[in-house]
Asks: 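One structure is given below, represented as structure tokens, and several questions about it will come after.
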Amino acid sequence: YTTLFRSSKKMIRTRKKRKKEGGKNDSVPVLFTRYVSLNVMGMIGLSCYILADTYFVSKALGASGLASLNLAISVYSIISATGLMFGIGGATRFAILKTQGEDEEASRVFTWTAVMGLITGLIFAALGLFFSGAVAMRLGADKETFEMTDTYLKVILCFAPCFILNNVVLAFVRNDRNPALSMTAMLTGSIGNVILDYLFMFPLSMGIFGAAFATGLAPAMSLAVLSLHFIKKKNTFRIKNVRPALGRSKNILMPGLSSFITEVSSGIVLIVFNLVIIGLAGNTGVAAYGIVANLALVVIAVFTGIAQGIQPLASTGYGRDDKKMLGQVLGYAAGLAVILAVSVYIVVSLFSDPIIHIFNSEGNQALIPIARSGIRLYFTGFLFAGINILAAAFLSAVMQPKLAFIISVVRGGAAILPMVLVLSRIFGMNGVWLSFPLAEFITCIISVGGVWKSGMITRRQNSRDSAEIFYGKEKENAV
């Protein structure tokens, strides 16, 4: 009788918890739709940081401003990469620990992740204050673009602590069963960025400094929204006293390493592309690449949103050792990525000229054919890029960091950098554009093999519904 009574009490508590956290009848498709849709919307909004800058800079400062922005934005990619490494890595470890009932260690993971992120952000800020000019020269800035590139770099680097902490808190709040607030925070920052971009660059005539300042304030606005998770006491993690520990740091950084490699490699690739294109088509070519790269950023943001959306589900499925759920989550994500890639390519191919016109305020006729060719060739790569981004994120979420690392390294530089250097010599600008789809195709072969090798998607009979998997399993006591 005592055993039955305790079991009944535990079942009641579990059901109340399920009701509070979203209901017990949620299936994998429902959970997938909820988490992925919210994260995709948030990431699209987040990519507006750069799109808004691109549009307003092109209108206010012309091709020279656009070229300067494109030179400086590679450093933003490195800052973002660092934030994602801490955020995704720490949140993945947090989700697994919560699933296994280790709440105290989960809170310590949050605390140490935030500390590491803050220290790294301050290092970036110091770099911006004292070495932004040297960095601008290294990135390929000339007399025409140096001053604007230097200004943008200095401001963005000084806001690095905000960018990194924003990525960390976003990831933890999302994994703390509050993806809606994460989306709201990202959209608030993005909308605020667009409004401030316009105010700073046109009525206030603050030039490239205004664009950078507006972008820097966006994560601060996002953090203000995320603070509601703590103010309303919805957080299940707390700040804890924690000592530096190599093992804990490794467990945090390893799951996020593939995200770091992916993002930082995009910055390195951007630098190499800029240097190659300057030799082939000058600042006009760099401005054309700026249009292509910033449009591509939105598509990458969509795939990243899908990847971030499946991370809490995949980590929870891994913690429960439910390969059926893992197979379903990955299958839905891959199917969605392919459909979106095909749809995006059709749209940008049909409307390439109107899209280019939006960012070509000076009516530069030399820029149009370069950008048009770039859009139609470069965007074929997204059919494979979506699969690669999802594969790396999925493998990281299920604690397969080595396989995820291999995919990220191949995709991030090992394939595309040799491609662009060789193909640009043979085919000129068309070779630059084609290097992306060819590199993604090579990586896709490795991604499919890596997921298969991981053994994480073997389907098996499982009577547990997804609510039991995601919200917590009721343990049956023997009577």
Side-chain angles (χ1 to χ4, degrees), residues 31-32 35-36 38-39 42-43 80-117 120 164-179 182 235-237 242 245 247-264 303-323 325-326 329-330 333 389-408 450-451 454 456-457 469-470:
L31 291 169
F32 175 85
Y35 272 76
V36 168
L38 291 172
N39 279 283
M43 286 303 298
S80 178
T82 306
L84 285 174
M85 177 176 65
F86 289 125
I88 298 299
T92 297
R93 185 64 182 157
F94 168 82
I96 293 171
L97 289 169
K98 292 290 288 186
T99 300
Q100 296 171 347
E102 299 183 34
D103 292 356
E104 289 294 314
E105 180 60 21
S107 290
R108 291 189 187 96
V109 164
F110 166 71
T111 304
W112 186 235
T113 303
V115 169
M116 289 193 297
T120 307
I164 293 173
L165 286 177
N166 184 47
N167 274 317
V168 168
V169 181
L170 278 169
F172 275 86
V173 169
R174 183 187 306 119
N175 279 266
D176 204 26
R177 307 292 191 265
N178 205 345
S182 290
N235 54 305
T236 63
F237 55 90
V242 59
R248 183 181 290 117
S249 300
K250 181 181 177 181
N251 288 335
I252 290 170
L253 297 178
M254 288 301 291
L257 191 58
S258 65
S259 297
F260 175 80
I261 295 295
T262 299
E263 283 294 314
V264 80
F303 292 138
T304 302
I306 298 172
Q308 291 184 0
I310 69 171
Q311 179 266 311
L313 305 178
S315 294
T316 302
Y318 172 78
R320 296 290 182 188
D321 191 28
D322 194 310
K323 294 183 180 180
M325 181 182 184
L326 294 176
V329 168
L330 186 60
I389 292 170
L390 291 175
F394 176 81
L395 290 169
S396 293
V398 297
M399 298 305 290
Q400 296 287 325
K402 291 182 180 178
L403 292 173
F405 178 78
I406 291 170
I407 293 169
S408 299
V451 172
S454 72
M456 289 291 165
I457 56 171
I469 295 168
F470 198 65

Asks: Mind checking whether W112 and I252 have side chains closer than 4.5 Å, heavy atoms only?
Replies: yes

Asks: Where is the tightest heavy-atom contact between T236 and K98, given as atom of each residue plus distance?
Replies: OG1-NZ, 3.2 Å

Asks: For S107 and F237, which heavy atoms make the closest approach, and how far apart are they?
Replies: OG-CA, 3.4 Å

Asks: Are L390 and I306 packed together at the side-chain level, in the sense that at least one heavy-atom pair is separated by less than 4.5 angstrom?
Replies: yes

Asks: I need the minimum non-hydrogen distance between M325 and L313, along with the two atoms involved.
Replies: CE-O, 3.8 Å

Asks: Would you compute the distance between atom CE of M85 and atom CG of L253 and round it to the nearest 0.5 angstrom?
Replies: 5.0 Å

Asks: Mind checking the CD1-OG1 spacing from I164 to T82? Nearest 0.5 Å is all I need.
Replies: 5.0 Å

Asks: Rounded to the nearest 0.5 Å, what's the gap from CG on L330 to CG on L395? Could you check?
Replies: 8.5 Å

Asks: Would you compute the distance between atom CG of N251 and atom CD of E105 and round it to the nearest 0.5 angstrom?
Replies: 8.5 Å

Asks: Between S315 (side chain only) and A397 (backbone N and O only), is there a donor and an acceptor less than 3.5 Å apart?
Replies: yes

Asks: Is there a donor-acceptor contact under 3.5 Å from the side chain of N178 to the main chain of R174?
Replies: no

Asks: Can you name the nearest heavy-atom pair linking A333 to I310, along with the distance?
Replies: CB-CG2, 4.0 Å

Asks: So which heavy atom on V451 is nearest to which on A391, and how close?
Replies: CG2-CB, 3.9 Å

Asks: If you round to the nearest 0.5 Å, how far is CG of L84 from OG1 of T304?
Replies: 7.5 Å

Asks: When F94 is tested against each of F110, F172, F86 for ring pair (Phe, Tyr, Trp, His ring centres under 6.0 Å), which residue passes?
Replies: F172

Asks: Identify, with sequence neighbours excluded, every residue that meets salt bridge (Lys or Arg N to Asp or Glu O under 4.0 Å) alongside E104.
Replies: K240

Asks: Please find the pair of heavy atoms, one from A404 and one from S396, that lie closest to each other, and give the distance.
Replies: CB-OG, 3.3 Å

Asks: Can you tell me how far apart CG (N175) and CG (L170) are? Round to the nearest 0.5 Å.
Replies: 11.0 Å

Asks: Out of the candidates L326, I389, I407, only one should pair with F394 under the side-chain contact (heavy atoms from CB on, under 4.5 Å) rule; please name it.
Replies: L326

